[in-house]
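One structure is given here, and the rest of the page talks about it.
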Amino acid sequence: MAQLWGGRFTKETDQAVYDFNASITFDKRLIRQDIAGSQAHVKMLAKQGILTEEEARKIDEELEAILGDVLSGRLEITGQYEDVHSFVEANLIRRIGDVGKKLHTGRSRNDQVALDMRLYIREQVDETDAGLKKLLQVILGTMEENLETYMPGFTHLQKAQPTTLAHHYGAYFEMFKRDRQRMADIRKRMNYCPLGAGAMAGTTYPLDREYTAQLLGFDGPTLNSMDSVSDRDYLIEFLAALSTVMMHLSRFCEEIILWNSNEYQFVEIDDTFSTGSSIMPQKKNPDIAELVRGKTGRVYGALMSLLTTMKGIPLAYNKDMQEDKEVSFDAIDTVTSCLSLFTGMLETMKFHKDRMAASAMNGFTNATDAADYLVGKGVPFRDAHGIVGRLVLYCIEQGTSIEKLSLEELQGISDKFQEDIYDAVSLKTCVEKRLTIGAPGREAMEKVIALHHRYLDGES
Ligand code: ARG
């Protein structure tokens with residue numbers, strides 16, 4: 001046990017208590033942020049004349065060396081330290097002696113950990129954004145290639161109206177675009193520096209908080225020292241945004257699992273992203289999609305866990321807040337791997353376009369268009385709806401579909417049907433006539449795709 005405190009104690013901490021209290025096993029992942037924060041702090045202390053330039057230089061150099069040694073594996077972060085902050089300080093003192101003891105001047109682990117977490121989460125917000133951008137590029141690529149890949153669109157998982165693969169993927173483009181916007185919002189709101197808040201009431205040293213904020217790439221210092229050490233709102237927002245990313249990925253996975261089933265056979269997941277069965281030789285399972293869908297639960301769990309942890313915490317710092325780390329780290333690792341694997345799976349997935357079009361042809365996906373055709377012939381929509389309803393019933397009884405009926409059969413139901421009905425209810429017409437912005441018709445889709453390109457190129 002190497003701890004930062006002890007002066008007021010007469011007995012050693014019980015080992016079980018020490019272990020229960022320690023966070024080193026998981027907060028060691030904050031080593032880079034912890035050292036960057038310390039380096040900024042020391043630089044500011046020298047600028048303010050609280051440390052000499054020589055002292056600050058020594059500390060800064062050794063912090064850099066410690067980081068290098070940890071990253072190269074020469075120095076191991078072990079359980080003999082309570083947390084990453086103690087590890088760094090203890091090693092600094094071991095290496096440069098008394099000067100190292102000045103590092104913690106005007107600082108508390110409360111503002112230190114608040115800073116470390118913010119720096120780490122800010123990086124993760126950026127990483128998630130980059131992963132989402134890559135996914136959007138893959139989605140957009142598939143959209144461009146499939147403007148005329150017809151497929152059924154569903155409501156209630158019942159065939160509704162024909163659409164295209166480009167249009168279907170376009171829905172996911174919107175979802176993941178909103179996810180990126182959420183990342184940008186969070187980043188903006190969280191980008192204030194808590195360093196200098198001390199334990200809870202600031203310090204008596206003349207710290208320059210604007211300066212450390214600037215050194216660490218923040219927009220400025222936080223404005224209340226109690227809130228600074230006890231705010232984890234940004235983390236809750238991030239977990240909520242990650243939960244939404246997972247919800248979107250999970251919906252997409254659910255569709256891919258359906259599309260990949262023997263019944264649909266709309267897609268084939270590449271062998272490199274599929275798994276087999278130990279007993280059934282014929283099987284090729286969509287395990288990756290199922291796992292992404294399944295892992296959504298643990299990300300939601302992290303959000304619920306942190307909300308619950310935070311809800312009863314009086315101001316300011318309380319040790320409960322150490323519980324923010326494991327769940328968040330797990331959620332972040334989960335989303336990172338899900339995003340990357342899902343993108344790879346999507347990139348390599350093949351479409352059975354003939355089956356998709358065939359499926360769009362049956363199931364009366366052109367019934368709305370048949371009704372719209374009658375409206376074009378002067379029939380009020382509600383009446384047209386009724387006529388086509390009877391037409392569908394007739395087709396079901398005869399085991400056929402609207403476009404396969406003879407003109408006599410059609411006219412037997414309504415004399416408004418003419419030869420041009422066949423073109424009006426063809427798959428191509430049903431899709432291509434839908435030209436309002438947001439609809440699947442080619443021209444409408446091309447406009448939207450151009451906007452998506454501008455967005456991904458950073459122009460909008
Ligand atoms: N490991 C602690 C955490 O994650 C660091 C802050 C400890 N501060 C304290 N006063 N005990 O929250």
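One-based numbering, in listed order, for ligands and for the atoms of each. Positions are given from 1 along the sequence.
Residues Leu456 and Lys133 come closest through the heavy atom pair O-NZ, 3.2 Å.
The distance from ligand 1 to the heavy atoms of Ser23 drops below 4.0 Å at these ligand atoms: 1 (N).
Both tests pass for Lys177 against the ring of Tyr455: distance under 6.0 Å to the centre and angle within 45° of the axis.
Residue-to-ligand polar distances keep Asp324 apart from ligand 1: every N/O pair is separated by 3.5 Å or more. Geometrically, ligand 1 and Asn110 share a nitrogen or oxygen pair separated by less than 3.5 Å.
Looking at Glu82 against ligand 1, nothing comes within 4.0 Å, counting heavy atoms.
In terms of protein heavy-atom proximity, atom 11 (N) of ligand 1 is nearest to Arg109 NH2, 3.8 Å. From the protein, the heavy atom lying nearest to atom 12 (O) of ligand 1 is Tyr317 OH, 2.5 Å. Closest protein heavy atom to atom 2 (C) of ligand 1: Gln322 OE1, 3.2 Å.
Centroid-to-centroid, the aromatic rings of Phe252 and Phe342 come within less than 6.0 Å. Ring to ring, Tyr234 and Tyr192 are not that close: their centroids are 6.0 angstrom or more apart. For Trp259 and His352, the ring centers sit 6.0 Å or farther from each other.
The side chain to side chain contact (heavy atoms under 4.5 Å, CB included) search around Asp333 returns Arg29, not counting sequence neighbours.
Close to ligand 1: Lys325, with a non-hydrogen atom less than 4.0 angstrom away.
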